[in-house]
Amino acid sequence: MTSQGSRIRAGALDALAQVCADYDDFHGLSRKGGQKTGPAEPGDANAGRRHKQLTDGIDVWVLSLAGRALKKSDYLATMAKWHATTKEKYQNPTDLVQFLWELDQDNVRGTNRQFLHTTSYATIEKIDPYHRQTVVFMGAAVGDEPKPHRGEMAHAFSDYAMGRPPRFPDPRTKAHRHMSFYEWLEYHPICLGTPGIVGDAKYKNLDRVSYAIGDLAIATPAVGGGLEYVRNSNVASGVKPRRLNTSEFAPSGKGPKNAVAFVWNKNGTLLLHEHGGGFVHASAEQGHKVRCSGMLVATLGRVTVVTDQSGHYAPRQENTYDFLHWLKQSKCLSAAAHVEFEVAGSVVTEGSYRAIAFMKEAQKKHGAPFTF
């Protein structure tokens with residue numbers, strides 16, 4: 001909803017929650033919090049809790065309604081602030097689709113094209129205050145249908161980008177063509193479905209990622225070579241950095257064995273974190289531009305493997321080239337290191353290469369790496 005519309009609806013929802021609370025007080029009900037009964041749905045994130053049934057007593061439904069009203073009110077308040085402060089291009093359907101399509105064509109930025117902007121689907125995720133995953137790939141041309149990759153949000157966004165109305169009637173008589181994506185969602189089962197009654201559990205328990213991960217590992221070149229690192233949480237307490245062995249990190253959900261996610265930020269700082277558990281590459285810098293990202297493996301401070309596996313930034317091989325050069329100059333790259341590419345680029349096709357051989361090929365095609 002727009003900022004004003006959200007405030008009106010939020011006020012009505014708060015009033016509804018108060019009516020439910022008054023009902024609860026008057027009847028002296030004891031089942032607080034909308035206690036659930038009935039079997040849980042398969043795949044429900046609240047496994048162990050039991051869903052409401054149509055045969056449940058009215059008290060269960062009244063208390064549930066109060067909780068849902070307050071939750072929705074909070075959501076609308078957050079989205080009202082978003083509508084009041086975000087860029088116009090994120091709210092205008094035509095501008096948003098054009099911007100995302102351009103990102104899919106080329107996401108490099110900077111005078112020397114040395115920075116990476118988040119990819120199109122990662123940008124949708126970044127501007128969403130709730131960071132819901134919308135993994136969708138834009139078409140070859142602006143008017144082409146976006147291709148949903150994973151999740152109901154992706155299918156919803158594809159409908160929105162093509163100007164299709166939501167699945168439920170819009171009381172504002174086809175005004176959906178002028179809605180922001182989040183207004184449009186108000187008339188979609190994602191926002192309207194009640195698991196077990198209307199819609200499906202997938203509408204309620206959507207994948208989310210975090211852009212507030214604080215305990216990153218900060219890796220720096222040690223005197224004499226090799227990387228050492230210290231966690232953010234230990235910096236203030238004076239904990240000394242230790243030699244980087246990525247096998248000491250929790251397992252990541254992608255990359256080779258013992259790999260961790262890395263982000264080489266705009267200032268040239270190397271940030272590391274286990275990939276998964278809500279963390280994605282864009283989490284490290286809250287979706288801001290970076291120099292390079294991917295997965296890496298290190299043993300005794302020397303990097304042995306670097307990959308381009310970062311869907312949130314889609315690094316070019318030139319970015320990997322710059323990163324490898326920095327590692328080599330800092331004496332942090334193993335002589336036997338190799339790089340693995342999932343995507344063909346301007347230097348080599350996809351595959352595995354010795355890092356030194358790749359860098360020589362990259363220098364022939366692109367000249368000296370960018371330095372800062």
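Quantities reported herein were computed from a predicted structural model and do not represent experimental measurements.
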Residues which pass side-chain hydrogen bond (donor to acceptor under 3.5 Å, both in side chains) with [X], listed by chain and number, not counting sequence neighbours:
X: H312; answer: E125
X: D104; answer: S120
X: K126; answer: none
X: R242; answer: E248

Is there a donor-acceptor pair closer than 3.5 Å between any side-chain N or O of [X] and the backbone N or O of [Y]?
X: T349; Y: G345; result: no
X: Q114; Y: N112; result: yes
X: W264; Y: V290; result: no
X: Y187; Y: E183; result: no
X: S293; Y: S310; result: no
X: N258; Y: T246; result: no
X: S330; Y: W326; result: yes
X: S252; Y: H275; result: yes
X: N245; Y: L300; result: yes
X: Q91; Y: H83; result: yes

By ring-ring contact (aromatic ring centres under 6.0 Å, His included), which residues pair with H155, not counting sequence neighbours?
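For H155 there are no ring-ring contact (aromatic ring centres under 6.0 Å, His included) partners, ignoring immediate neighbours.
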Those residues at least two apart in sequence (or on a different chain) that pass ring-ring contact (aromatic ring centres under 6.0 Å, His included) with F279 are H273
Between [X] and [Y], which heavy-atom pair has the shortest distance, and what is it?
X: L16; Y: A69; answer: CD2-CB, 4.2 Å
X: P369; Y: Y321; answer: CD-OH, 3.1 Å
X: Q309; Y: P256; answer: OE1-CD, 3.9 Å
X: Y90; Y: W82; answer: O-CH2, 3.8 Å
X: F358; Y: Q317; answer: CZ-O, 3.5 Å

Keeping to residues at least two apart or across chains, list the salt bridge (charged side-chain N to carboxylate O under 4.0 Å, His left out) pairs with something in [range].
range: residues 305-326; result: R316-E318
range: residues 209-237; result: R231-E274
range: residues 252-265; result: none

Audit row: F262, L270, side chain to side chain contact (heavy atoms under 4.5 Å, CB included) steps and yes/no
CA-CA 7 Å; F262 79 87; L270 180 58; 3.9 Å; yes
Trace of the side chain to side chain contact (heavy atoms under 4.5 Å, CB included) decision for F115 with K266
CA-CA 7 Å; F115 302 130; K266 288 181 69 174; 3.9 Å; yes
Run the side chain to side chain donor-acceptor pair (under 3.5 Å) test on H131 and S210 for me, step by step, so that the C-alpha distance in whole Å, both residues' side-chain angles and the decisive distance to 0.1 Å come before the verdict.
CA-CA 7 Å; H131 302 308; S210 173; over 6 Å; no
Derivation of the side chain to side chain donor-acceptor pair (under 3.5 Å) call for T123 and T118:
CA-CA 6 Å; T123 298; T118 49; 2.9 Å; yes
If you apply the rule salt bridge (charged side-chain N to carboxylate O under 4.0 Å, His left out), what do you find for D106 with R113, and how did you get there?
CA-CA 10 Å; D106 186 3; R113 294 171 61 81; 3.0 Å; yes
T111: side-chain contact (heavy atoms from CB on, under 4.5 Å) partners, not counting sequence neighbours:
none
With a 4.5 Å heavy-atom cut-off, do L296 and F323 have their side chains touching?
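Result yes, sub-4.5 Å side-chain heavy-atom pair found.
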Given side chain to side chain contact (heavy atoms under 4.5 Å, CB included), test K364 with E361 step by step and report yes or no.
CA-CA 5 Å; K364 282 195 300 184; E361 190 65 23; 3.3 Å; yes
Side chain to side chain donor-acceptor pair (under 3.5 Å) for S73 and D14? Distances and angles first, verdict last.
CA-CA 7 Å; S73 176; D14 289 341; 2.8 Å; yes
Among L96, V135, L185, exactly one meets side chain to side chain contact (heavy atoms under 4.5 Å, CB included) together with F157. Which residue is that?
L96
Side chain to side chain contact (heavy atoms under 4.5 Å, CB included) partner of L244, the single match among V297, T220, L227
L227
Kindly state each residue pair satisfying side-chain hydrogen bond (donor to acceptor under 3.5 Å, both in side chains) with at least one member in residues 135-149, sequence neighbours excluded.
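As it turns out, the side-chain hydrogen bond (donor to acceptor under 3.5 Å, both in side chains) pairs with a partner in residues 135-149, which skip direct neighbours, are E145-S158, E145-R164.
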Would you please indicate yes or no on a ring centroid separation below 6.0 angstrom for Y75 and Y130?
yes
Applying salt bridge (charged side-chain N to carboxylate O under 4.0 Å, His left out), name anything that partners R109, two or more places apart in sequence or on another chain.
none
Are H188 and E186 close enough that a side-chain donor and a side-chain acceptor fall under 3.5 Å?
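Per modelled atom types, H188 and E186 side chains form no pair under 3.5 Å.
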